[in-house]
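Comments concern the structure below.
Source: prediction; values computed, not measured. Convention: sequence-line order gives letters A, B, ...; per-chain numbering from 1.
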Amino acid sequence: MLKSSSPIIKSSIIQSIRGFRYLKKELPTVYEGLQPKRNGKPVMEYIHQQMLAQHDPLGTRTKLINRETGLRSGDIIKVTYNDRTEVIGSVLAIKRGNLNLGHNILIRTKLNKVGSEIRIPLFNPNIRNIEILHKPEKYLPRHKLYYIRGTNKDVGDVETFVKKLEAKKHDKK
Amino acid sequence: MFINSINKVIQSNRSRIQIRNAAKITSIHSIPSIKTKPPVVKHTIEERNKRRQLLERPGIFGIKRGMITWFTSEGEQLPATVIEIDSVEVLQHKTEDEFGYNSILLGTIDRFKNLKLGLSTLKIFDKAGTAPKYKIGEFRIRNSLESELPLGTEIKADYFAEGQLIDVKGITKGKGFAGGMKRWGFKGQPATHGVTKTHRKAGGHGGNQDPGRIFPGHKGEGRMGGKNNTKFNIEVLKTDADAGIIIVKGSIPGPRKAILKLQDSLIKYATSKNQIEKEAM
């Protein structure tokens, strides 16, 4: 109990309430963080570069799907697989991926007067080579030519068309 | 007592009362008694910890970064997700003697600004000798690993082996207020045949005049997504320790930049202490 005849103690209590109280405890120290990985490069860009180096070291496939200098729908291409089988057709559409290897080319031909389409994954390791055989002088409108199916603009038998072109070249020579 | 007293009366008045050949009740004192063991109380925390299916080592934190296409050597095309492992460090050990269970406290992502942490949590980083972390979380383990994983050790992406099966925990994308067709896969109503204005409604909920209400917990429309979800037994395709990257087969719950919990497959690797004792016997 505090006695009334002890003014010193009373005043000290009042001071402690009114005055600014400093923290007696020590503040915790803050350490530095770890060094940033990949030199601060974003993860998706880093992994995409690695995947390209693995699946396309020469950069031939990436050149094919360049929007300005590469393929365009309407071109005729020949795809050879690792087991030496071949597929020839004209490009209907190119599907592009963003920071991944999910690019496809959709090819259309006519086999025995029946329209047939094949979707080709561009960076699949089973594919040996993709070669451009023919580029038309005049292209049809749009980049995705789905509307030509079953119309008078539809592709014919592409294989015989290419053979005739080669024969013409030989005649000129 | 009441039966015994009757028996005595009968015995004393044997001559007067005619006894029927009824079943005789044997006295309790004639049966020899055996002392049994006191029953083991199984509803304690210690016994529960022995029963619980736990992993030998803790999981780690990861950040979802996006999806890519993955080609196997045979030319098979697979969907895969990229997960970043960003400065995961050990912060604290919780032992069974002190807390009642064994666990490890881990943290990810060094951050010095906009930390919503108090002094007590900052002291944890001081003790461990690490930078303050954006996300802290606990991982339960079977036995304490104080000697194997001392404070402040960084866990890298090669913690998991390539070809291993893991579980991934995350929070699913929020879909907002969704109808019954989207949320539970209800059939809805036909488009034609005289149907008007009800094509995507839930239909009957099972109520009538009695009970006059829908029972609580019935499937219907409501808030969808934004809940915890785990994907079990996902295959690890690639790990890169220096770059801090794990690539995993298939999809994972949650949006990009979401923080995930990766751990060894519970179905394959988790065991309880009781099971280990049984196998040792």
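Other residues, nucleotides and ligands contribute only 12 or fewer heavy atoms inside 6.0 Å of the CD atom of B:E56. Around NZ of B:K268, the count of heavy atoms belonging to other residues, nucleotides or ligands within 6.0 Å does not exceed 12. The 12-atom threshold is exceeded at CZ of A:R149, counting heavy atoms of other residues, nucleotides or ligands nearer than 6.0 Å. For NZ of A:K135, the number of neighbouring non-hydrogen atoms (other residues, nucleotides, ligands) closer than 6.0 Å is greater than 12. Residue B:E138 qualifies as enclosed at atom CD: its count of foreign heavy atoms under 6.0 Å is above 12. Taking a 6.0 Å sphere around NE2 of A:H143, one finds it holds 12 or fewer heavy atoms contributed by other residues, nucleotides or ligands. For B:Y269, the OH atom counts as densely surrounded, since its 6.0 Å shell holds more than 12 non-hydrogen atoms of other residues, nucleotides or ligands. More than 12 heavy-atom neighbours from other residues, nucleotides or ligands sit within 6.0 angstrom of CZ on A:R72.
In this structure, the separation between CG on B:D110 and CD on A:Q35 is 11.5 Å, given to the nearest 0.5 Å. Once rounded to the nearest 0.5 Å, the distance linking CD1 of A:I47 with CZ of B:R65 reads 12.5 Å. The CG atom of A:L34 sits 8.5 Å away from atom OG1 of B:T130, with the distance rounded to the nearest 0.5 Å. Atoms OG1 and NZ, on A:T29 and B:K123 in that order, are 11.5 Å from each other to the nearest 0.5 Å. The distance from atom OH of A:Y31 to atom CZ of B:F125, rounded to the nearest 0.5 Å, is 13.0 Å. To the nearest 0.5 Å, the span separating CD1 on B:I68 from CE on A:M44 amounts to 6.5 Å.
Of the residues considered (A:H48, A:K37, A:Q50), A:K37 shows the highest number of contacts with chain B, using heavy-atom pairs under 4.5 Å. Ranking A:P42, A:P121, A:G33 against chain B, the residue ahead of the rest is A:G33, based on heavy-atom pairs under 4.5 Å.
Neither the backbone nor the side chain of B:I83 comes within contact range of chain A; no heavy atoms are under 4.5 Å apart. Residue B:L122 touches chain A through both its backbone and its side chain, counting heavy-atom pairs closer than 4.5 Å. With a 4.5 angstrom heavy-atom cutoff, B:E76 does not touch chain A via any of its atoms. Using a 4.5 Å cut-off between heavy atoms, B:K127 makes no contact with chain A at all. Heavy atoms of A:I127 lying under 4.5 Å from chain B are absent altogether. B:I247 touches chain A through its side chain: at least one heavy atom from C-beta onward sits under 4.5 Å away, while N, CA, C and O do not. For A:H55, the part sitting under 4.5 Å from any heavy atom of chain B is the side chain, from C-beta outward, and nothing else. Interface remark: B:D242 contributes backbone atoms only to the contact with chain A (heavy atom separation under 4.5 Å).
Formation of a donor-acceptor pair under 3.5 Å by the B:D126 side chain with backbone atoms of A:V30 is not found in this model.
Residues B:W70 and A:M51 form a side-chain contact, since some pair of their non-hydrogen atoms from C-beta on lies under 4.5 Å apart. At least one side-chain heavy atom of B:L119 sits under 4.5 Å from a side-chain heavy atom of A:L27. With a 4.5 Å cut-off on side-chain heavy atoms, B:V82 and A:Y46 do not count as touching. A heavy-atom distance below 4.5 Å is not found between the side chains of A:N126 and B:E74.
The residues A:K41 and B:E84 are annotated as not salt-bridged, no charged nitrogen and carboxylate oxygen being separated by less than 4.0 angstrom.
In this structure, B:F112 and A:E32 approach most closely via the heavy-atom pair CZ-C, 4.3 Å. Nearest heavy atoms, B:G75 versus A:P125: CA-CG, 4.0 Å.
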